[in-house]
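Values below: all heavy atoms of this structure, side chains included; hydrogens, waters and symmetry mates excluded. Numbered from 1 within each chain, the chains take letters A, B, ... in sequence-line order.
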Protein chains: 2
Amino acid sequence: MSARTTAQDAVLSRLREDILTGVLGPGDQLVQESLAERYGVSRVPLREALKTLESEGQLVYYPHRGYFVVELSTDDLREVYHLRALLEDAALRAAVPALDERDLIDISELAEEIEQAAVDGDVRAMTEANRRFHFAMYDAAGMPRLSRLLRQLWEATDAYRALYYQGEDNRHRVTGEHAQMVRALRARDVDRIVALHDEHRSHSVAAVEALLNPRSRNPHRSHPREKP
Amino acid sequence: MSARTTAQDAVLSRLREDILTGVLGPGDQLVQESLAERYGVSRVPLREALKTLESEGQLVYYPHRGYFVVELSTDDLREVYHLRALLEDAALRAAVPALDERDLIDISELAEEIEQAAVDGDVRAMTEANRRFHFAMYDAAGMPRLSRLLRQLWEATDAYRALYYQGEDNRHRVTGEHAQMVRALRARDVDRIVALHDEHRSHSVAAVEALLNPRSRNPHRSHPREKP
DNA sequence: CATGGACGGATTGTATCCAATTCTTGCGGG
DNA sequence: CCCGCAAGAATTGGATACAATCCGTCCATG
């Protein structure tokens, strides 16, 4: 059998994980030797994974300087969410008429999975299930490139997403909104779904924006080099 | 001075060029050793460039099999153009109010540059100038991520674009449409620009679609391996 | 004749080594 | 004290060498 994955793919997953969980925070330089050692591979597959994350917009790359986790300004964040609004609306409008009973069941189960994770306070599991919940809807549009673009936009803010779900109140509001969305889906009420989704999104952008401009930025993070 | 570019960037440019000009056609496998030799580098920087093109959607990658130039189905093509319509409309609506006199002059000059290339029958120069013309507008929206997504969508069809401009009639229609768009820009008539742009786009999708389903596909191309 | 399995060449994947660039540090001069 | 600047250290960029995988072929077997 050939279920074995290549080292570059394994490293890519671990990098995503580390960005999502904040092990690698905004502004950090990704020193290749250290990371390669940490992941137990050589620098070659690591560099290919870094290149992927760069072209997805999660990292920035300066030749001969290295890769850094992107730091988003408030404007950057607004742009990402503006583009998400545009594309997610389109995805939902294409998806809802195409949903079959099986899809609805899957989506409902994912909503429950999120709720369970929220109750448990398992932030990691919650972000994971949350992404599957939303993309179950987007993917139903049957437009792979659209899904791909949306994945990029979601990942662009992964470095900040972890912070968001730290707040218990955020977690509970989210599950309530999801339940509303599932009901609207079953009713095939496209306009209502889009409206709920827009509202849902603007709540999270507001929350992340608040986290973005704190009085006191986390002072622990070390920034080995400043960028030009 | 440090104006020198890295090998991976140079290779990336040459790969884009070769895809755009059809040296590398849809379905071709990119054999690393041959390409590396052709470009005069080792496989390491080449692979990083391939990784970039993969995550942009111009190549597909099968682990342990290699990279192949994507082959677009009619549905794929329609999806790309549908997404372009969505995002380009948004870009234009944001851009037009922001254009200053300098931008308008630049855009006009680019339109003339395209026309000159069309007259000369210089397909390569025409596609190049055409891209700069359109992105001069999109970029004026001041949304770098939007520009980036659009660049990806444009490049996704690069492998087919060269064919389009082969037709002399296509080339002439295009320049006429550009002139109309420039006039509408000067008048700040947003709705008209968007309408013209949509029409412009649907002409090219129709033409490429026709090229995509020919009675006789090009039989010369060798396909070393078939994909799963 | 069809099928399956082992061998060998071709291609990709990874590690290691060296070169090139950038960053840091410390020193001297103003 | 501050700036410029020159070595040395740290880091990235690239080339080569080797390992792993895949694919086509050929032969044995039923």
Side-chain angles (χ1 to χ4, degrees), chain A residues 1-15 18-19 24-25 27-55 58-71 221-228, chain B residues 1-16 18-19 24-25 27-55 58-70 221-228:
Chain A
M1 74 171 161
S2 72
R4 245 181 39 289
T5 171
T6 63
Q8 46 183 309
D9 285 341
V11 167
L12 182 57
S13 301
R14 297 205 50 186
L15 280 171
D18 285 348
I19 291 172
L24 298 170
D28 286 356
Q29 177 171 15
L30 285 78
V31 179
Q32 299 176 7
E33 190 117 22
S34 333
L35 281 179
E37 187 181 12
R38 183 137 72 88
Y39 298 147
V41 297
S42 83
R43 281 173 51 214
V44 175
L46 170 68
R47 282 172 55 172
E48 296 190 11
L50 293 174
K51 197 47 91 179
T52 298
L53 291 172
E54 183 216 349
S55 58
Q58 295 197 69
L59 304 179
V60 289
Y61 167 69
Y62 305 100
H64 299 270
R65 310 266 317 273
Y67 293 87
F68 299 79
V69 180
V70 293
E71 290 183 283
R221 178 94 46 214
S222 71
H223 285 212
R225 297 172 179 175
E226 281 311 311
K227 301 179 294 300
Chain B
M1 70 169 163
S2 73
R4 247 181 31 292
T5 170
T6 63
Q8 44 183 312
D9 285 342
V11 167
L12 182 58
S13 302
R14 297 207 48 187
L15 280 171
R16 289 193 201 281
D18 284 349
I19 291 171
L24 298 170
D28 285 357
Q29 178 171 12
L30 284 77
V31 179
Q32 298 175 8
E33 190 113 24
S34 333
L35 281 179
E37 187 181 11
R38 183 136 72 90
Y39 298 149
V41 298
S42 82
R43 282 173 50 216
V44 174
L46 170 67
R47 286 173 59 107
E48 297 190 338
L50 293 173
K51 199 46 95 180
T52 299
L53 290 172
E54 183 215 350
S55 58
Q58 294 197 71
L59 302 179
V60 289
Y61 166 70
Y62 305 100
H64 296 164
R65 308 265 318 274
Y67 294 87
F68 299 79
V69 180
V70 293
R221 178 95 47 216
S222 71
H223 285 210
R225 299 171 179 175
E226 280 311 311
K227 303 180 294 299

Checklist line | Atom pair distance, as rounded to whole Å: CZ in B:Arg47 and C1' in C:dT11 | finding: 10 Å
Notebook entry, point to check: What's the CD-C1' distance between B:Glu33 and D:dG14, to the nearest Å?
Noted result: 15 Å
Checklist line | All salt bridge (Lys or Arg N to Asp or Glu O under 4.0 Å) counterparts of B:Arg16, not counting sequence neighbours | finding: B:Glu56, B:Glu155
Item checked: A:Thr52: partners by side chain to side chain donor-acceptor pair (under 3.5 Å), with sequence neighbours left out -> none
Next item on the list: Please name all residues satisfying side chain to side chain donor-acceptor pair (under 3.5 Å) with A:Arg14, sequence neighbours left out, ordered by chain then number.
Entry: none
Next item on the list: Would you give the length of the straight line joining atom OH of B:Tyr67 to atom CG of B:Leu59, rounded to the nearest 0.5 angstrom?
Entry: 8.0 Å
Check: Taking CD from A:Glu48 and C1' from C:dG13, how many angstroms apart are they, rounded to a whole number?
Finding: 8 Å
Next item on the list: Not counting sequence neighbours, which residues clear side chain to side chain donor-acceptor pair (under 3.5 Å) with B:Glu48? List them please.
Entry: A:Arg47, B:Gln8
Check: Please give, in whole Å, the distance from D:dT12 C1' to A:Leu59 CG?
Finding: 15 Å
Item checked: A:Tyr39 OH to A:Leu15 CG distance, which is reported to the nearest 0.5 Å -> 4.0 Å
Next item on the list: Could you check whether B:Leu46 gets within reach of a base, just the sugar-phosphate, or nothing at all, counting any heavy atom under 4.0 Å?
Entry: nothing
Next item on the list: Looking only at side-chain atoms of A:Arg65, point me to the closest of C:dT22, D:dG13, C:dT14.
Entry: C:dT22
Check: Would one find a side-chain N or O of B:Tyr61 under 4.0 angstrom from OP1 or OP2 of C:dG13?
Finding: yes
Got a list of protein N/O to nucleotides 15-18 of chain C N/O distances below 3.5 Å?
unit_1	atom_1	unit_2	atom_2	d
C:dA15	OP2	A:Ser42	N	2.6
C:dA15	OP2	A:Ser42	OG	2.7

Next item on the list: Could you tell me whether B:Leu50 contacts a base, only the sugar-phosphate backbone, or nothing, with contacts defined as non-hydrogen atoms closer than 4.0 Å?
Entry: nothing
Checklist line | Closest to side chain of B:Gln8, choosing from D:dG14, C:dG13, D:dT12 | finding: D:dG14
Next item on the list: Could you list all the salt bridge (charged side-chain N to carboxylate O under 4.0 Å, His left out) pairs where at least one residue sits in residues 29-39 of chain A, not counting sequence neighbours?
Entry: A:Asp18-A:Arg38
Check: Any side-chain N or O of B:Gln32 less than 4.0 Å from the OP1 or OP2 oxygen of C:dG13?
Finding: yes
Item checked: Phosphate contact (C:dG13 OP1 or OP2) by B:Tyr67 side-chain N/O below 4.0 Å -> no
Next item on the list: Starting at atom OH of A:Tyr62, determine the distance to atom C1' of C:dA20, rounded to an integer number of angstrom.
Entry: 21 Å
